Amino acid sequence: VQLQASGGGVVQAGGSLTLSCSASRRTFGRANIGWFRQAPGKEREFVAAISRSGSRTDYAAPVKGRFTISRDNDKNMVHLQMNRLRPDDTAVYYCAAKEVILTAPLGSHRDDYAYWGQGTLVTVSS
């Protein structure tokens, strides 16, 4: 499975940015997708996840209410809409995927995912 994250950039605090993750067509519809981020000098941490059908989502506490994850299975895309960005949101953002059965729980740990994209840098200036 190949994943491609895009949409990173520089934004002022309080602004918005949308990240996108594209995946190979054959597996996308069978995969839960997660977003993680890694700030300089810190461990990679969970941000959000969405089930293969799009019916279930999960968010880390620091982004709940500000970020929205969605997917378009017809276009093999997952989006992460990020609003009210803060300087501590600055990080490299990675999308990850794992093929699962329809009722599989959403994962929030790195080991819950088998495939990773290359990351896209988000910088939030104060």
Side-chain angles (χ1 to χ4, degrees):
V1 175
Q2 289 191 335
L3 300 171
Q4 181 78 32
S6 62
V10 180
V11 63
Q12 287 191 330
S16 299
L17 209 57
T18 300
L19 305 183
S20 297
C21 177
S22 62
S24 53
R25 184 188 185 113
R26 190 172 67 174
T27 57
F28 182 80
R30 298 194 298 269
N32 284 355
I33 304 293
W35 282 98
F36 288 73
R37 66 186 182 185
Q38 188 165 14
K42 294 189 176 181
E43 295 290 317
R44 192 170 299 188
E45 65 177 5
F46 171 73
V47 175
I50 189 165
S51 62
R52 53 181 270 184
S53 68
S55 62
R56 292 176 286 128
T57 58
D58 188 25
Y59 297 92
V63 307
K64 196 170 290 187
R66 300 188 298 124
F67 291 11
T68 302
I69 189 171
S70 62
R71 67 189 295 160
D72 184 342
N73 283 352
D74 289 336
K75 296 182 179 179
N76 301 332
M77 297 285 288
V78 170
H79 302 290
L80 185 69
Q81 173 69 42
M82 306 185 295
N83 298 326
R84 290 182 280 138
L85 283 161
R86 310 185 305 219
D88 60 357
D89 293 318
T90 294
V92 177
Y93 284 72
Y94 299 88
C95 59
K98 185 176 181 180
E99 293 180 271
V100 296
I101 61 173
L102 196 57
T103 56
L106 295 174
S108 60
H109 299 92
R110 292 182 62 173
D111 291 345
D112 293 329
Y113 296 88
Y115 305 101
W116 292 82
Q118 85 290 357
T120 185
L121 176 62
V122 173
T123 302
V124 184
S125 61
S126 57

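Here, residue 1 is the first one in the sequence, and each next residue gets the next number. A quick note: this is a predicted structure, and the numbers were derived from the prediction, not measured. All values below come from the heavy atoms of this structure, side chains included, with hydrogens, waters and symmetry mates left out.
Both V11 and L19 are assigned to one and the same hydrophobic cluster, defined by single-linkage of ILVMFWY side chains at heavy-atom distances under 4.5 Å.
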Determine whether D89 and R66 satisfy the following criterion, side chain to side chain contact (heavy atoms under 4.5 Å, CB included), listing intermediate values before the conclusion. CA-CA 11 Å; D89 293 318; R66 300 188 298 124; 2.8 Å; yes
Test H79 against S70 for side chain to side chain donor-acceptor pair (under 3.5 Å), laying out the working first. CA-CA 5 Å; H79 302 290; S70 62; 5.6 Å; no
Show your reasoning for whether side chain to side chain contact (heavy atoms under 4.5 Å, CB included) applies to L80 and V78. CA-CA 7 Å; L80 185 69; V78 170; over 6 Å; no
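Between the side chain of T120 and the backbone N or O of G8, at least one donor-acceptor pair lies under 3.5 Å. For Q4 (side chain) and G117 (main-chain N/O), no donor-acceptor pair under 3.5 Å exists by modelled atom type. Looking only at distances, a side-chain donor or acceptor of T90 sits under 3.5 Å from a matching main-chain atom of V124.
Between atom CG of residue L121 and atom OG1 of residue T123 there is a gap of 4.0 Å, rounded to the nearest 0.5 Å. Distance check: F28 CZ to D72 CG gives 7.5 Å after rounding to the nearest 0.5 Å. Within the model, atoms CZ of R71 and CD1 of I50 stand 6.0 Å from one another, a figure rounded to the nearest 0.5 Å. Residue N76 holds its CG atom at 9.5 Å from CD1 of I33, rounded to the nearest 0.5 Å. Atoms OH and CD, from Y115 and E99 in turn, are 5.5 Å apart once rounded to the nearest 0.5 Å. How far CD1 of I69 is from OG of S51: 9.5 Å, rounded to the nearest 0.5 Å.
The list of ring-ring contact (aromatic ring centres under 6.0 Å, His included) pairs with a residue in residues 36-74, not counting sequence neighbours, reads F36-F46, F36-Y113, F36-W116. For residues 45-56, every residue pair satisfying the salt bridge (Lys or Arg N to Asp or Glu O under 4.0 Å) rule, not counting sequence neighbours, is listed here: R37-E45.
Scanning both residues, S53 and N73, for their nearest heavy atoms gives CA-ND2, 4.5 Å. Counting all heavy atoms, side chain and backbone alike, G107 lies closest to A49 at O-CB, 3.8 Å. Between A5 and C95, the closest heavy-atom pair is CB-SG, 4.1 Å.
Within 6.0 Å of CD in Q2 there are 12 or fewer heavy atoms belonging to other residues, nucleotides or ligands.
Using a 4.5 Å heavy-atom threshold, the side chains of W35 and Y94 count as separate. Under the 4.5 Å side-chain criterion, counting only non-hydrogen atoms from C-beta, D112 is not in contact with K98. Put simply, the side chain of S16 reaches to within 4.5 Å of the side chain of Q81, judged on heavy atoms.
With sequence neighbours excluded, the residues satisfying salt bridge (charged side-chain N to carboxylate O under 4.0 Å, His left out) with D88 are R86.
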